[in-house]
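As structure tokens, the structure follows; a few thoughts come after it.
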Amino acid sequence: MKIIITSLLTLITLSVCNKKSNTAEKHQKPNVLFILVDDLGFKDLSCTGSTFYETPNVDKIANAGMVFNQGYAASRVCSPSRASIMTGKFTARHGITDWIGAKHGKTWREHNRHDKLLPADYVHILPKEDITLAEAMKASGYKTFYAGKWHLGKEGSYPEDHGFDINKGGWDKGSPIGGYFSPWKNPKLENTTPGENLSMRLAKETSEFIKKHKDTSFFAFMSFYAVHGPIQTTQNKWQKYRNKAEKQGIKDKGYKMERVLPIRQVQDNPIYGGLVEAMDDAVGHVLNTLKTLRLDKNTIVIFTSDNGGVASGDNYSTSNLPLRGGKGYQWEGGIREPFFINVPWYNSNGARTDYPVTGTDFYPTILDLVGANLRPDQHIDGVSLKPLLEGNTLANRPLFWHYPHYGNQGGEPSSIIQENGWKLIHYWEDERNELYNLALDGNEQNNVASENSKITEDLSKKLNSWLLNVKAKIPTKDLEYSESLAKERQAYLKNTFMPKLESDRLKYLSEDFEPNADWWQSKVTVD
């Protein structure tokens, strides 16, 4: 039975007061604070439904601004998503389709995963020919600042090479080398205080920049390494969340098998809980700086993540339920994100919209909000969300994702189109399609492709046309693929590896857990 989805799903937004406050203290140009968290899942915040993690400072951004219920990252992994924020282009168009450093082609076999395809090659550096968001803001008279994770190329392609006047901590690595407590190993962020928390250090650097440039117009981009692995926290924060998990009731089982890997089903990791809270503490530090300097009424604050929470692979940190999957996956758990924009003079007060938006939209939205000239030839795949922030509507449009790779977390090579509430996933291993009606099945349990053949056909044609238009690279068959070895690996993951994950989960929750004597170097400082 065909289900007709009306355009009302994506056009209706709750009405908000859009008149500028008469009391707002504004410079000639508003400031912009962009907060990007690494690997933060859609359900990893109090304000998005977590009953385990505590994020009062991030919640303030959501409660004061507009919440985009269908906010998406441009990719299921970090580098492509970040490149899309910087360029305003979908990943297949700018060419960075996997995290920079991921193996591809025949080198993929080195993982001994025995997959059917060889992942496609991808661009390994943020293209110089693109005019980045930072360069556009700089051309509009803004002082530009970057703090934290970059992961968009090696030396010569760092933040300072793409429009940022100041870079604190951004280089080619995608994880916090050396951990979350000083001394870390980062040539762009010196060690000054033993045991210092990395997230708070990035917040302090951002605050110092804001203080120094409070009388100018600034664009500050705070890009946390948190909550990427290795997951670490202080003993005090671990104890807090360990006690909370016990009070809520520790479940006997925390995992189930997804198609390829085990996947976490519960939010009860006390180490990850502490890591999330440390990020929130850092956000609060910068928000307090804006308020103390009386810049909060003239600073646009944006908050989002670069992909879904890590529920499989890496550190098996969190659960994205009721969304299916997580980082690396093609389902909503891999690409749906917290997506908040607070423009103080719009007085949105936590208004929500169901219009689907994505990371490519930040570029034109920011330019539009600060009164700068748009660059449609650059941010070709983004639209300004200013009309939504003002209580108006935007026309329907398709969104596209392309990931011709295998995720470390269990995701499969696939391409996606979402339009009018329908989501079609095309799998490159066997050319099959999955179709989901997100309005009725937001957790993607019922593939309705066969019942809706016309919709499947139409979306498939649009997706194929777009892939051809952007010259998307496609994975190739691995002629050395062994079905027997693949089945052997799957049996190991289910029968040996998943029980070990369950054992580790309970170990982290045990009363006598201690990772090492100094708790990842954090004990030399005050929590």
Side-chain angles (χ1 to χ4, degrees), residues 31-39 73-75 77-89 91 94-96 99-101 123-178 184-191 198-199 201-210 212-213 216-226 228 282 286 302-306 359-360 362-363 366-367 370 372 375 378-379:
N31 305 307
V32 179
L33 170 64
F34 196 114
I35 303 172
L36 179 63
V37 186
D38 194 25
D39 289 356
S75 177
V77 295
C78 57
S79 297
S81 184
R82 291 162 180 269
S84 290
I85 292 172
M86 289 296 164
T87 65
K89 296 178 178 180
T91 61
H94 59 61
I96 304 175
W99 60 273
I100 294 176
V123 174
H124 294 247
I125 190 171
L126 189 64
K128 285 279 189 182
E129 56 268 26
D130 279 301
I131 301 171
T132 67
L133 172 57
E135 288 169 331
M137 292 295 281
K138 191 171 181 178
S140 298
Y142 279 78
K143 188 71 175 178
T144 56
F145 169 86
Y146 195 92
K149 176 172 173 173
W150 178 246
H151 205 184
L152 289 173
K154 295 183 178 180
E155 190 168 3
S157 185
Y158 285 172
E160 59 267 37
D161 302 305
H162 292 281
F164 288 99
D165 296 314
I166 300 169
N167 169 27
K168 296 291 184 178
W171 62 316
D172 57 301
K173 302 301 182 185
S175 60
I177 307 300
W184 44 72
K185 299 174 183 178
N186 186 322
K188 291 294 183 176
L189 192 69
E190 65 178 325
N191 289 281
L198 178 58
S199 296
R201 172 61 179 278
L202 295 175
K204 289 178 179 178
E205 293 285 357
T206 304
S207 289
E208 286 304 308
F209 166 80
I210 290 172
K212 185 175 181 180
H213 300 281
T216 65
S217 297
F218 61 79
F219 173 51
F221 201 111
M222 185 165 61
S223 175
F224 289 108
Y225 281 95
H228 193 287
V286 179
I302 295 171
F303 181 93
T304 194
S305 174
D306 59 353
T360 59
F362 288 122
Y363 195 141
I366 292 172
L367 293 184
V370 303
R375 298 172 179 263
Q378 173 59 52
H379 48 72

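As a basis for the values below, the full set of heavy atoms in this structure was taken, side chains included, without hydrogen atoms, waters or symmetry mates. Nothing fancy with the numbering, it's 1 onward along the sequence.
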> Can you check whether Thr144 reaches Phe164 side chain to side chain, under 4.5 Å on heavy atoms?
Replying inline: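 Thr144 reaches Phe164 side chain to side chain.
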
> Is any side-chain heavy atom of Asp130 less than 4.5 Å from a side-chain heavy atom of Gln378?
Replying inline: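 Yes, at least one pair of side-chain atoms sits under 4.5 Å.
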
> Any chance NZ of Lys212 has more than 12 other-residue heavy atoms, nucleotides or ligands included, within less than 6.0 Å?
Replying inline: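 No, NZ of Lys212 has 12 or fewer neighbouring heavy atoms, counting only those of other groups under 6.0 Å.
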
Search all heavy atoms of [X] against all heavy atoms of [Y] and return the closest pair with its distance.
X	Y	value
Phe219	Ala134	CE2-CA, 4.1 Å
Trp99	Cys78	CB-SG, 3.9 Å
His94	Pro80	NE2-O, 3.4 Å
Ser199	Ala282	O-CB, 3.4 Å
Gly169	Tyr225	O-OH, 2.6 Å

> Distance only, no hydrogens: is a donor on one side chain within 3.5 Å (strictly under) of an acceptor on the other, for Asp172 and Tyr158?
Replying inline: yes

> Regarding Ser157 and His162, is there a side-chain donor-to-acceptor distance under 3.5 Å anywhere?
Replying inline: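 A donor-acceptor contact under 3.5 Å links the two side chains.
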
[X] [atom1] to [Y] [atom2] distance, which is reported to the nearest 0.5 Å:
X	Y	atom1	atom2	result
Leu33	Met222	CG	CE	5.5 Å
Leu36	Asp306	CG	CG	5.5 Å
Leu202	Leu189	CG	CG	6.0 Å
Ile96	Lys89	CD1	NZ	11.0 Å
Glu208	His213	CD	NE2	10.5 Å
Thr304	Phe34	OG1	CZ	6.5 Å

Could you tell me whether the side chain of [X] and the main chain of [Y] form a donor-acceptor pair under 3.5 Å?
X	Y	answer
Trp150	Asn167	no
Ser84	Gly359	no
Ser223	Tyr146	no
Asn186	Ile177	no
Thr87	Thr132	no
Ser207	Ala203	yes
Ser305	Val37	yes
Arg82	Lys149	yes

>> Run the side chain to side chain contact (heavy atoms under 4.5 Å, CB included) test on Arg375 and Tyr363 for me, step by step, so that the C-alpha distance in whole Å, both residues' side-chain angles and the decisive distance to 0.1 Å come before the verdict.
In response: CA-CA 9 Å; Arg375 298 172 179 263; Tyr363 195 141; 3.8 Å; yes

Under the side chain to side chain donor-acceptor pair (under 3.5 Å) rule, collect the residues that match up with [X], sequence neighbours excluded.
X	answer
His228	none
Lys188	Glu160
Lys138	Asp165

Partners of [X] by salt bridge (Lys or Arg N to Asp or Glu O under 4.0 Å), sequence neighbours excluded?
X	value
Lys168	none
Asp39	Lys327
Glu205	Arg201

> Only one of Ile35, Ile366, Ile85 clears side-chain contact (heavy atoms from CB on, under 4.5 Å) with Ile302; which?
Replying inline: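 Of all the options given, the one that passes is Ile366.
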
> Between Phe209 and Phe145, what is the ring plane arrangement, given parallel below 30°, perpendicular above 60°, and tilted in between?
Replying inline: parallel

